[in-house]
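Below: the structure, in structure tokens.
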Amino acid sequence: MKSLKSLKEIALDAPDQTMLEAPVLHYTEVYDKFFTDIRQEKIRFLLIGIGQGGCLKMWKEYFPNAEIFAMDIRPECKEFEEEGIEVHIGDQGDPDFISSFLEETGGGFDVIIDDGGHQMYQQINSILLLWNAVNPEGQYIVEDTHTSYWAHFGGSIHGRNRKVQSPGQIQITTVDLLKSFIDNLHAIHTGRDTMWDADYAEYMGLKNSDNPYIHSRVIEPIDGINATLESMHFYDSLVVMVKV
């Protein structure tokens, strides 16, 4: 059986895409690692940020059986719509647009990649507004997280480095938000002091209860994040969030 081309090999033949630029070339290797097992499946794939349209063609070849959705703030990107690719125009950071988008599409995405405007409000709002639209075992990816350190994207080298207490309550960067998710992965343990045989039964009882985070001293940045975030994978400028 003929082997499938890697994402890098597909990108080499896809014009008007940026995946082969030196600072992001490693993205192709990361995506092959996470997507190999689902390439032939009938997944629902959302790309935020269309660029010059080349990435859409690249992903269409990579996921030949996928329903592909895309969003971009530029009206002219509507011209990239074709059979198998549905394009929506709006600001990814606008709650009203996202709400309308989810109503039209029905949500339920297996893969979401954010390569959109890269402003902090856009990346953060997209995570908070779209996480619940990711299917179980699905993946949410944020590209170009280095903008969290660049002022003209709303970032800062002196990030707040603190947990989010509620959306919009304090000014944070995307990386700050992702750091808070790390706290939340460990939230059940923040109200406990030991993990020895004597308290293992108590721990398992708490873990399987209706509210395992009742004693948590970490505040959730988004409803359900503790129960639905399986793991996070950090790379240079790229973060992959995997859902339970």
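Predicted, not measured: the structure shown is a model, and the values here were computed from it.
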So does [X] have more than 12 non-hydrogen atoms from other groups sitting under 6.0 Å from [atom1]?
{"X": "K60", "atom1": "NZ", "answer": "yes"}
{"X": "K8", "atom1": "NZ", "answer": "no"}
{"X": "E76", "atom1": "CD", "answer": "yes"}

Q: Keeping to residues at least two apart or across chains, list the ring-ring contact (aromatic ring centres under 6.0 Å, His included) pairs with something in residues 225-244.
A: F34-H233

(Q) Cation-pi check for Y62 against R39: NZ or CZ below 6.0 Å from the six-membered ring centre and within 45 degrees of the axis, yes or no? (A)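 R39 over Y62 ring: yes.
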
Say whether [X] and [Y] are linked into one hydrophobic cluster, either directly or through other cluster members, by side-chain heavy-atom distances under 4.5 angstrom.
{"X": "I124", "Y": "F101", "value": "yes"}
{"X": "L7", "Y": "F35", "value": "yes"}
{"X": "L238", "Y": "V24", "value": "yes"}
{"X": "I141", "Y": "V134", "value": "no"}
{"X": "I113", "Y": "V239", "value": "no"}

Q: Sequence neighbours left out, what passes side-chain contact (heavy atoms from CB on, under 4.5 Å) with E137? Give chain and number order.
A: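 E137 satisfies side-chain contact (heavy atoms from CB on, under 4.5 Å) with no residue once adjacent residues are dropped.
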
Measuring from [X]:[atom1] to [Y]:[atom2], what's the distance to the nearest 0.5 Å?
{"X": "I112", "Y": "M71", "atom1": "CD1", "atom2": "CE", "value": "8.0 Å"}
{"X": "I50", "Y": "E79", "atom1": "CD1", "atom2": "CD", "value": "9.5 Å"}
{"X": "D94", "Y": "N125", "atom1": "CG", "atom2": "CG", "value": "9.0 Å"}
{"X": "S180", "Y": "I172", "atom1": "OG", "atom2": "CD1", "value": "6.0 Å"}
{"X": "D199", "Y": "D193", "atom1": "CG", "atom2": "CG", "value": "9.5 Å"}
{"X": "L47", "Y": "I85", "atom1": "CG", "atom2": "CD1", "value": "9.5 Å"}

Q.
Tell me which pairs pass side-chain hydrogen bond (donor to acceptor under 3.5 Å, both in side chains) where either residue lies in residues 20-29, with sequence neighbours left out.
A. Y27-D144

Would you check if the distance from the ring center of [X] to the ring center of [Y] is below 6.0 Å?
{"X": "F69", "Y": "F45", "answer": "no"}
{"X": "W59", "Y": "Y31", "answer": "yes"}
{"X": "F97", "Y": "H88", "answer": "no"}

Tell me, do [X] and [Y] make a side-chain contact under 4.5 Å, heavy atoms counted?
{"X": "E143", "Y": "M19", "result": "yes"}
{"X": "L185", "Y": "L229", "result": "yes"}
{"X": "M241", "Y": "F181", "result": "yes"}
{"X": "V175", "Y": "Y149", "result": "yes"}
{"X": "I43", "Y": "V111", "result": "yes"}
{"X": "H215", "Y": "R192", "result": "no"}
{"X": "M232", "Y": "V240", "result": "no"}
{"X": "E82", "Y": "L56", "result": "no"}

Judged by atom type as modelled, is there a donor-acceptor pair below 3.5 Å linking the side chain of [X] to the main-chain atoms of [Y]?
{"X": "D16", "Y": "G53", "value": "no"}
{"X": "S209", "Y": "L206", "value": "yes"}
{"X": "H118", "Y": "G116", "value": "yes"}
{"X": "E9", "Y": "S6", "value": "yes"}
{"X": "D110", "Y": "R44", "value": "yes"}

Q: Check the pair D91 / Y121 against side chain to side chain donor-acceptor pair (under 3.5 Å), numbers first and verdict last.
A: CA-CA 10 Å; D91 185 347; Y121 85 93; 2.6 Å; yes

Going by atom types only, do [X] and [Y] share a side-chain donor-acceptor pair under 3.5 Å?
{"X": "D176", "Y": "T173", "answer": "yes"}
{"X": "S126", "Y": "W131", "answer": "no"}
{"X": "D114", "Y": "Q92", "answer": "yes"}

For the student: nearest non-hydrogen atoms of [X] and [Y], plus distance:
{"X": "A11", "Y": "Q17", "answer": "O-NE2, 2.9 Å"}
{"X": "R217", "Y": "G191", "answer": "NH1-CA, 3.8 Å"}
{"X": "I89", "Y": "K78", "answer": "CD1-N, 3.9 Å"}
{"X": "I73", "Y": "P75", "answer": "O-CD, 3.5 Å"}
{"X": "T18", "Y": "C55", "answer": "N-SG, 4.4 Å"}
{"X": "P95", "Y": "L129", "answer": "CA-CD1, 3.7 Å"}

Q: Take D13 and K5 through the test salt bridge (Lys or Arg N to Asp or Glu O under 4.0 Å) and record every step on the way to the result.
A: CA-CA 11 Å; D13 296 326; K5 290 196 294 184; 3.6 Å; yes

